[in-house]
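Down below is the structure, laid out as structure tokens.
One-based numbering, in listed order, for ligands and for the atoms of each.
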Amino acid sequence: MCIFCKIVAGEIPANKVMENEEFLAFHDINPKAPIHILIIPKHHVENFQSTPPELMAKMTPFIQEVAKKLELDKTGYRLIVNNGEDGGQEVMHLHFHMLGGAKLSWPYLAIEEEAKKYM
Ligand code: 5GP
Ligand code: ZN
């Protein structure tokens, strides 16, 4: 069972923000912004690339509700999905990072030596 499936099963504790039958939102253990939430489907899906559109149709309003609950709908936020190796995905269970609580920077993100490959 993957680490997020263990959180869904209650085998690993998490600081939950919101949940319904199908989705769960909880605080990231290593926040990259004042507010850093992970939003996942309870059912295991490996990554965004393999996510069926029907799941996204239901996940979108859940993500919007999480933003409202944290009042980020008013101030703004960033959603990030790391997909696969170059995307830096470490946990192979679909998750959206919701970042906010401050104005966020928007740096050039490629690792320099890696980026040279494409120059
Ligand atoms: P990824 O790099 O796969 O997009 O992001 C995985 C995220 O999961 C990271 O931001 C990391 O801090 C977070 N994370 C990893 N293990 C745990 C955990 O056990 N609990 C919580 N709350 N977050 C975790
Ligand atoms: Zn999983």
Side-chain angles (χ1 to χ4, degrees):
M1 208 191 281
C2 91
I3 193 161
F4 288 174
C5 281
K6 284 183 181 165
I7 286 175
V8 170
E11 289 177 20
I12 294 177
N15 187 359
K16 294 181 184 179
V17 174
M18 223 176 95
E19 70 182 306
N20 65 18
E21 244 175 58
E22 286 184 278
F23 305 104
L24 172 65
F26 55 98
H27 289 268
D28 195 294
I29 206 168
N30 180 24
K32 296 281 204 302
I35 298 173
H36 186 170
I37 308 299
L38 299 174
I39 303 168
I40 66 170
K42 290 186 171 177
H43 176 75
H44 183 90
V45 178
E46 183 143 317
N47 55 28
F48 183 75
Q49 197 56 36
S50 64
T51 297
E54 303 77 30
L55 182 62
M56 279 317 303
K58 291 184 279 183
M59 202 166 180
T60 300
F62 182 79
I63 291 170
Q64 291 163 343
E65 279 307 307
V66 173
K68 273 191 196 159
K69 180 152 190 201
L70 297 168
E71 298 189 339
L72 295 176
D73 59 322
K74 299 188 184 91
T75 51
Y77 57 89
R78 186 171 301 160
L79 279 184
I80 294 177
V81 183
N82 296 327
N83 188 94
E85 197 183 337
D86 275 5
Q89 183 177 5
E90 284 177 0
V91 178
M92 296 300 150
H93 181 131
L94 173 68
H95 53 284
F96 283 79
H97 296 259
M98 178 178 279
L99 299 142
K103 211 172 250 304
L104 302 174
S105 65
W106 185 232
Y108 185 71
L109 288 168
I111 293 169
E112 235 174 286
E113 310 82 68
E114 285 283 308
K116 281 181 191 147
K117 286 195 299 198
Y118 304 97
M119 286 176 175

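- Taking Ile, Leu, Val, Met, Phe, Trp and Tyr as members and joining any whose side-chain heavy atoms lie under 4.5 Å apart, directly or through other members, the hydrophobic cluster of L104 also contains I80, L99.
- Looking only at side-chain heavy atoms (C-beta outward), K42 and E21 stay at 4.5 Å or farther from each other.
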List, pair by pair, the atoms of ligand 1 and of the protein that are both N or O and lie under 3.5 Å apart, giving the separation rounded to 0.1 Å.
| unit_1 | atom_1 | unit_2 | atom_2 | d |
| --- | --- | --- | --- | --- |
| ligand 1 | 2 (O) | G88 | O | 3.1 |
| ligand 1 | 2 (O) | E90 | N | 3.4 |
| ligand 1 | 3 (O) | E90 | N | 2.7 |
| ligand 1 | 3 (O) | V91 | N | 2.9 |
| ligand 1 | 3 (O) | H95 | NE2 | 3.0 |
| ligand 1 | 4 (O) | N82 | ND2 | 2.8 |
| ligand 1 | 4 (O) | H95 | NE2 | 2.8 |
| ligand 1 | 4 (O) | H97 | NE2 | 2.8 |
| ligand 1 | 5 (O) | H95 | NE2 | 3.1 |
| ligand 1 | 5 (O) | H97 | NE2 | 3.4 |
| ligand 1 | 10 (O) | D28 | OD1 | 3.2 |
| ligand 1 | 10 (O) | D28 | OD2 | 2.5 |
| ligand 1 | 12 (O) | D28 | OD1 | 2.5 |
| ligand 1 | 22 (N) | H27 | O | 2.9 |
| ligand 1 | 22 (N) | I29 | N | 3.4 |
| ligand 1 | 23 (N) | I29 | N | 3.3 |

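- What you find for N47 and L94 is that their closest heavy atoms are C-CD1, 4.0 Å.
- Taking SG of C5 as the reference point, atom NE2 of H93 lies at 5.0 Å (rounded to 0.5 Å).
- In this structure, the side-chain contact (heavy atoms from CB on, under 4.5 Å) partners of P107, at least two apart in sequence or on a different chain, are S105, L109.
- The distance cut-off of 2.8 Å around the Zn ion (ligand 2) captures these protein N, O or S atoms, sorted by chain and number: C2 SG, C5 SG, H44 ND1, H93 ND1.
- Side-chain contact check for H27 versus I37: some heavy-atom pair is nearer than 4.5 Å.
- Taking a 6.0 Å sphere around CD of E85, one finds it holds 12 or fewer heavy atoms contributed by other residues, nucleotides or ligands.
- The local environment of CD in E22 is crowded, with over 12 non-hydrogen atoms from other residues, nucleotides or ligands closer than 6.0 Å.
- Aromatic pair F23/F96: centroids not less than 6.0 angstrom apart.
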